[in-house]
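Numbered from 1 within each chain, the chains take letters A, B, ... in sequence-line order.
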Amino acid sequence: MTERYDVAVIGGGPAGMAAACSAYENGAEKIIVIERDREPGGILNQCIHSGFGLHYFKEELTGPEYAGRFEEMLGKTGARLMLDTMVLKVTQNREIHMMNPREGYSVISAGAVVLAMGCRERTRGAIGIPGTRPSGVFTAGAAQRYVNIEGFMVGRRAVILGSGDIGLIMARRLTLEGAEVLACIEIMPYSNGLARNIVQCLEDYGIPLYLSHTITEIMGKNRVEAVKVQRVDESLKPIPGTEMIFNCDTVLLSVGLIPENELTKEAGIKIDPRTKGPFVFENMETSAAGIFACGNVVHVHDLVDFVTAESKKAGEAAAKYAINGNSAAFNSDSKAIINGENIAYTVPQSIRTGNADKFAEVFFRVKRVFGDSAIEIKDGEKLLKSYKRQHMAPGEMERIIIPGDILLSASGSLTISAKEDEKL
Amino acid sequence: MKKLELERKKTDENGVSAVKELVCIMCPRGCRLKVDESKDYAVTGNACPRGAEYGRKEVTNPTRVVTSTVKVEGAVHARCPVKTDRDIPRPLVRKAVALLDGVVLKAPVRRGDKVVSDILGTGASFIATRNMEASE
């Protein structure tokens, strides 16, 4: 006999815990959260810096504090937290195959499933840096785990490639632990990290940020000995004659995160090549009925608070699905969101009007930096609504609310685009 | 980040100290603030009161909340994360972190437990930011 749950959540990080709490608040009784690590909390456990929770808890918390609060809330729901357990397979009829050292191989079934597996880091292999292959090259998150949880220092003189938030945070962390951080190197003409992290992690410690530069060679036999850095042109190609050598023993890579969707793909769930996460509807339901997704497995978020908000939405929808089965809204008229000019991706990718009679939230990223600008929603050539912004950047997720009447008035699809404000 | 280059620009065209531009670090929103020294450090561009306070403080007496880790024995992990329970003056950050060298906690640790009291006479303390159960 396979054990039956109302809602099964895969992943016990911030997304999974929030989804489980929300499923409970919305009437699901038998809930399970399956986590591969020995403790819940996911990546928050190693994010010891502060800056979490300002939206959701209205106070500034560190990662472990944010995780701790959710662990306590989850504890009160009576949900089963299954640790040290690896999910091997999810099927479209909502069976979950998993394995752990205590119970071996087991299969459960669920009324609704929430995918909350998070994301992983891009590696040296993903960006193909030339050079030798010495030790001392780490992804920033791996270094963060070594330093903050395992208690190992990763090096003495470091260069950071990429200006993602984890790289910036680690620049400060290594400096405070006594290492010298020589530079942060970013291939784009702008930083992908939050402005606050540029200020308090680099500028506070006098660490230079080289925009439009990249590492073109890693040198060293056994351990990293130096890196070669070059300026890049507009097509991101290294410019000859701009070489700089940094003598260092460590390179940290903060070059992007990829949603972790092996289970999703194997289940035959539709993936959006832009987000590399599952295609989702307005309530975070995937292309498979009764299977929902939330957090960084869908798209990489800037803030855990936004992960929490999205996951609560998914948990609520999962509970409703588990209790009521397929709702009328599932089959209601859907409006595809088309990415117009300067839009890198949107979440959701489609909105079913039966679930969005009052309004629908759309999250997206722009492709480049904007000053005074406008976001436009169009039905074909017809402008339905525009939103003003003073500043937009690819590193900062944007959010708009589309009123229900505008959604209903659109003929088939909605196009979202961004442009400079013409009045200036 | 073009706007960041303007940060800490101290003078106007006449070389007179006037408006400082900076990015608010109170939350991840990162508001672009302007602080006018000639108008008693009046702050504009902030989306919330925390930004006004930050802008004023950042040009008069910059402070930071500091996070780090300390050694812990008898727990599943080797390190316990800590933070200052309030912000401390920015010039004291490195000295404050140095106080954590040699501190060894014993599991169990509770979130909020004091790790170092009265950091460098500031009245702030380092506190643990997570529970660490004793491992068998």
Using a heavy-atom cutoff of under 4.5 Å, enumerate the residues of residues 91-115 of chain B that contact chain A, numbered in order, or state 'none'.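 Heavy-atom contacts from residues 91-115 of chain B to chain A are B:V93, B:R94, B:V97, B:R111.
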I need the contact set between residues 78-89 of chain B and chain A: heavy-atom distance under 4.5 Å, sorted by residue number.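 Near chain A, by residue number: B:A78, B:R79, B:P81, B:K83.
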Side chain, backbone, both or neither: which part of B:C31 has a non-hydrogen atom closer than 4.5 Å to chain A?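 The answer is neither part of B:C31.
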Working to the nearest 0.5 Å, report the span between CG of A:N148 and OG1 of B:T67.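 Between A:N148 CG and B:T67 OG1, I get 8.0 Å after rounding to 0.5 Å.
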Working to the nearest 0.5 angstrom, can you tell me the gap between B:R50 CZ and A:E60 CD?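 It is 6.0 Å, given to the nearest 0.5 Å.
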A:E39, A:E65, A:E71 screened by side-chain hydrogen bond (donor to acceptor under 3.5 Å, both in side chains) with B:R130, the one that passes: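 In the set A:E39, A:E65, A:E71, the residue that makes a side-chain hydrogen bond (donor to acceptor under 3.5 Å, both in side chains) with B:R130 is A:E39.
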Check each atom of A:R145 against the heavy atoms of chain B and say whether the ones under 4.5 Å are side chain, backbone, both or neither.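 Answer is side chain: those atoms of A:R145 sit under 4.5 Å from chain B.
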At a heavy-atom separation under 4.5 Å, does A:E186 approach chain B through its side chain, its backbone, both, or neither?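 Contact with chain B: none, neither part.
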Heavy atoms, side chains only, cut-off 4.5 Å: are [X] and [Y] in contact?
| X | Y | answer |
| --- | --- | --- |
| B:R90 | A:Q200 | no |
| A:H391 | B:R32 | yes |
| B:T69 | A:I48 | yes |

Taking atom CD of A:E234 as the centre, does the number of heavy atoms from other residues, nucleotides or ligands within less than 6.0 Å exceed 12?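 Not more than 12 within 6.0 Å, no.
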Among residues 171-180 of chain A, which residues come closer than 4.5 Å to chain B, judged by heavy atom distances?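 Hits under 4.5 Å: A:R173, A:T175, A:L176, A:E177.
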Could you pull out all residues at least two apart from A:R36 that satisfy salt bridge (charged side-chain N to carboxylate O under 4.0 Å, His left out)?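 Result, salt bridge (charged side-chain N to carboxylate O under 4.0 Å, His left out) vs A:R36: A:E260.
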